[in-house]
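Read the structure below first, then the notes.
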Amino acid sequence: MNHLAFGGASIDGGLYTRITGLAQHAPSGLNTLVSYGTDYGLGVFAVLMLIAWWRARRGTPAAMAGALALPVVVVLAYAANSLVKALFDEQRPCRTLRTVTVEACPALGDWSFPSNHSAIAAAAAVALLLTDRQLGRIAVPAALLMAASRVWVGAHYPHDVVAGLLVGALLGWLLIPLARHAGPAVARVRATRLRPLVAAR
């Protein structure tokens, strides 16, 4: 594979340093909250996916197929984003630019572009929006906050998180409609011994 050794500082390095500068002057309580959110916030999407599955049990087979596909979509988004990340080899901005960050800089070789956290969050958010609009209204702002937090703590350039959001959102938008075509298969499963997993009650 040809690696592009992408340099992101020339794109929005100035914006990155302004944001991390703001973070350094922010109350420590806020930075602690953002750090917890950026480290553990993906768990919110796991909970929302579980709720979506539970709610879909009373819905159509197509709705259940979409709910069952949610974690698969997220894994595929992570895999696709990781392939892009390995292609570009962009160093983390906290290693390239002189700035103090809220969190410790990731290790060398842990590339920056695009943001995996943002891709996972966006894939989950869009997939949830297409599966359960009510839950999606919670997931979408949560994904945007996750992306913003990655810049705030110093782990990514702004363009990293924008690209991650686009990758994840695109895959969620493409894959959930495909998954819903598996509705007839879910209907057949509902009539088998596996009924407790997908039954309407």
Side-chain angles (χ1 to χ4, degrees), residues 1-46 48 73-129 138-173:
M1 179 184 290
N2 292 323
H3 298 276
L4 302 182
F6 186 49
S10 61
I11 299 174
D12 50 15
L15 178 58
Y16 169 83
T17 55
R18 286 195 294 274
I19 292 171
T20 54
L22 285 173
Q24 285 306 303
H25 293 92
S28 60
L30 174 61
N31 284 336
T32 298
L33 181 63
V34 174
S35 290
Y36 275 113
T38 202
D39 291 338
Y40 305 109
L42 292 180
V44 171
F45 301 99
L48 290 175
V73 171
V74 169
V75 170
L76 290 175
Y78 172 76
N81 198 72
S82 295
L83 287 175
V84 178
K85 187 185 286 272
L87 175 64
F88 282 95
D89 284 8
E90 180 191 71
Q91 285 287 359
R92 295 278 181 169
C94 44
R95 294 200 172 274
T96 303
L97 302 173
R98 294 175 179 269
T99 184
V100 178
T101 57
V102 172
E103 291 198 343
C105 198
L108 282 169
D110 186 349
W111 308 117
S112 190
F113 176 86
S115 162
N116 276 336
H117 279 73
S118 300
I120 291 169
V126 171
L128 280 162
L129 190 64
I138 300 171
V140 169
L144 295 175
L145 286 172
M146 170 60 72
S149 75
R150 301 305 291 160
V151 182
W152 186 265
V153 301
H156 286 286
Y157 291 106
H159 70 264
D160 295 337
V161 300
V162 171
L165 288 171
L166 290 174
V167 170
L170 178 62
L171 287 171
W173 179 69

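Because only heavy atoms are used, hydrogens play no part in the values below, and waters and symmetry mates are left out as well, while side chains stay in. Residue numbers run from 1 in the order of the sequence given.
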Rounded to the nearest 0.5 Å, how far apart are [atom1] of [X] and [atom2] of [Y]?
X: Glu103; Y: Thr20; atom1: CD; atom2: OG1; result: 13.0 Å
X: Leu144; Y: Ser118; atom1: CG; atom2: OG; result: 9.5 Å
X: Asp160; Y: Ser115; atom1: CG; atom2: OG; result: 7.0 Å
X: Trp152; Y: Ser35; atom1: CH2; atom2: OG; result: 11.0 Å
X: Met146; Y: Leu165; atom1: CE; atom2: CG; result: 10.5 Å

Backbone of [Y] reached by a side-chain donor or acceptor of [X] within 3.5 Å:
X: Asn81; Y: Ile120; result: no
X: Tyr16; Y: Gly154; result: yes
X: Arg150; Y: Asn116; result: no
X: Thr96; Y: Pro93; result: no
X: Asn31; Y: Ala23; result: yes
X: His156; Y: Ser112; result: yes

Leu15 versus Tyr157: any side-chain heavy-atom pair under 4.5 Å?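 Not in contact.
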Please tell me if the side chains of Leu76 and Leu171 come closer than 4.5 Å, counting only heavy atoms from C-beta onward.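 No, too far: nothing below the 4.5 Å cut-off.
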Closest heavy-atom contact between [X] and [Y]?
X: Pro106; Y: Cys94; value: CD-SG, 3.9 Å
X: Ala122; Y: Gly164; value: CB-O, 4.4 Å
X: Gly14; Y: Thr17; value: O-OG1, 2.8 Å
X: Ala139; Y: Phe45; value: O-CE2, 3.5 Å
X: Pro114; Y: Ala163; value: CB-CB, 3.8 Å

Please determine whether side chain to side chain contact (heavy atoms under 4.5 Å, CB included) holds for the pair Phe113 and Lys85, giving the CA-CA distance in whole Å, both sets of side-chain angles, and the decisive distance to 0.1 Å. CA-CA 5 Å; Phe113 176 86; Lys85 187 185 286 272; over 6 Å; no
Apply side chain to side chain contact (heavy atoms under 4.5 Å, CB included) to Val34 and Val102, showing your working. CA-CA 9 Å; Val34 174; Val102 172; over 6 Å; no
Report the residues that fulfil salt bridge (charged side-chain N to carboxylate O under 4.0 Å, His left out) with Arg92, sequence neighbours left out, ordered by chain and then residue number.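 Testing Arg92 for salt bridge (charged side-chain N to carboxylate O under 4.0 Å, His left out), a comparison that skips the adjacent residues, returns Asp110.
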